[in-house]
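Here the structure is laid out as structure tokens; the discussion comes afterwards.
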2 protein chains.
Amino acid sequence: MPHTNAQPLIDLGVLSGQIGHALRRAHAAVFQDFAATLEAESIRPAQHSVLEVLRASPGLRQAQVAAALGIKTTNFVPLFDALEAAGLAERRAISDDRRARGLFLSDRGAAMLDRLRAGVAAHEARFAARLGTDGKLLLLGLLARLQDPAFD
Amino acid sequence: MPHTNAQPLIDLGVLSGQIGHALRRAHAAVFQDFAATLEAESIRPAQHSVLEVLRASPGLRQAQVAAALGIKTTNFVPLFDALEAAGLAERRAISDDRRARGLFLSDRGAAMLDRLRAGVAAHEARFAARLGTDGKLLLLGLLARLQDPAFD
DNA sequence: TATTGTTATACTCTATAACTATA
DNA sequence: TATAGTTATAGAGTATAACAATA
């Protein structure tokens with residue numbers, strides 16, 4: 001099976017066996033394809049994750065959403081500001097605590113996620129196909145172990 | 001087996017099954033640990049990859065090293081400038097083509113890689129341990145498939 | 001005093017366009 | 001005309017420090 005690969009076969013030394021390097025390259029490949037998928041609605045992957053979390057878990061506080069996504073609260077502020085300015089999500093008052101506000105998806109945000117659904121699923125299917133049968137589940141399991149100190 | 005997890009168990013919706021999201025989180029975890037490992041010598045992961053490639057494949061042109069690492073040549077320039085300014089690597093003239101120059105590790109760069117070797121190996125071992133027996137090889141295989149259109 | 005959110009800021013990474021000197 | 005390297009620049013992502021309002 002002929003496989004046209006433009007790479008001139010360069011020895012990368014230690015890197016070729018490094019988990020971190022392989023993760024960086026694989027993430028870059030998937031991320032680029034995903035960013036292109038989201039271009040139809042002019043949003044970025046990070047913004048898309050926030051919208052998806054709001055759909056699945058409405059009413060959370062900023063710190064909760066940020067922590068769930070591994071984003072610092074200080075960086076979350078401008079990220080969410082942009083979503084709010086675009087009318088895709090909103091901050092609403094909370095009764096108990098006047099410092100915090102609950103985050104919600106707007107109707108417009110929900111409609112956008114609906115429009116993106118097919119494209120996002122196709123993106124996911126493209127890469128799942130490359131992993132072969134059971135490959136995706138296997139990969140997700142290994143990636144989860146990398147982040148879990150319980151496996152130390 | 002009690003497993004103290006500070007996470008308040010938030011539903012991430014679609015994200016929890018997405019390859020891209022899992023890659024981003026796992027990469028962030030490994031990258032942060034690796035950056036901390038390299039702090040002893042005040043270099044960044046990207047700079048370390050360049051030095052490792054120069055050690056394994058001395059004399060390559062900039063475009064070759066950049067392509068091998070998935071870095072745009074335009075971004076490679078300031079990256080390598082910093083390494084050259086620090087005396088860790090150098091550009092040397094090539095006989096055939098006066099436009100291009102070959103890239104080499106300096107003695108100081110080689111010495112730095114030697115000093116980092118134990119720390120880098122320990123970093124790698126930490127994450128390999130989380131993956132269990134055969135887990136690392138399995139992971140590297142799956143990550144390679146993600147980047148290879150031959151598996152489409 | 002501690003917590004939630006915010007501002008300001010800086011550094012790295014990534015991306016595009018346009019230029020130079022050589023080929 | 002095409003290629004290797006470079007400059008300029010802009011946008012994301014990520015990091016720390018310090019602050020205001022509220023608890």
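Lettering of chains follows the sequences in order, A, B, ..., and the numbering in each one begins at 1.
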Quick test: give all pairs of protein nitrogen or oxygen and nucleotides 21-23 of chain C nitrogen or oxygen below 3.5 Å, distance rounded to 0.1 Å.
| from | atom 1 | to | atom 2 | distance (Å) |
| --- | --- | --- | --- | --- |
| C/dT22 | O2 | B/R99 | NH1 | 3.4 |
| C/dA23 | OP1 | B/R98 | N | 2.9 |

Pairs where residues 121-149 of chain A contributes a residue and the test ring-ring contact (aromatic ring centres under 6.0 Å, His included) is met, not counting sequence neighbours: A/F34-A/H123, A/H123-A/F127
Salt bridge flag under 4.0 Å for residues A/D11 and B/R55: no
Salt bridge B/R92-B/E90, side-chain N to carboxylate O under 4.0 Å: yes
Transitive ILVMFWY cluster of A/F31, excluding itself - 4.5 Å side-chain cut-off: none
Proximity to DNA chain C (any heavy atom under 4.0 Å), residues of residues 39-60 of chain B only: B/R44, B/A46
Stretch residues 79-91 of chain B: residues that reach within less than 4.0 Å of DNA chain C through a heavy atom: none
Along DNA chain C (nearest heavy atom to each residue), the more 5'-positioned of A/R61 and A/A28: A/R61
Stepwise side-chain contact (heavy atoms from CB on, under 4.5 Å) test for B/L88 and B/M112: CA-CA 8 Å; B/L88 301 170; B/M112 170 183 281; 3.8 Å; yes
Trace of the side-chain contact (heavy atoms from CB on, under 4.5 Å) decision for B/L23 with B/L143: CA-CA 9 Å; B/L23 282 172; B/L143 294 176; 3.6 Å; yes
Between [atom2] on [N] and [atom1] on [X], what's the gap in Å once rounded to a whole number?
X	N	atom1	atom2	result
A/Q32	D/dA12	CD	P	15 Å
B/L69	C/dT14	CG	C1'	15 Å
A/F31	D/dT14	CZ	C1'	13 Å
B/Q64	D/dT3	CD	C1'	13 Å
B/F76	C/dA15	CZ	C1'	17 Å

A/R117 atom CZ, neighbour heavy-atom count above 12 within 6.0 Å: no
Filtered N/O pairs between nucleotides 16-18 of chain D and protein, under 3.5 Å:
| from | atom 1 | to | atom 2 | distance (Å) |
| --- | --- | --- | --- | --- |
| D/dT16 | O4 | A/T74 | OG1 | 3.3 |

N/O (side chain, A/R101) to phosphate O (OP1/OP2, D/dA21) under 4.0 Å: no
Sequence-distant partners of [X], salt bridge (Lys or Arg N to Asp or Glu O under 4.0 Å), two or more places apart:
X	result
B/D134	none
B/R98	none
A/D97	A/R61, A/R99
B/R44	none

Those residues that, when tested against A/R130, pass side chain to side chain donor-acceptor pair (under 3.5 Å) (two or more places apart): B/D152
side-chain contact (heavy atoms from CB on, under 4.5 Å) involving A/L137 - partner list, sequence neighbours excluded: none
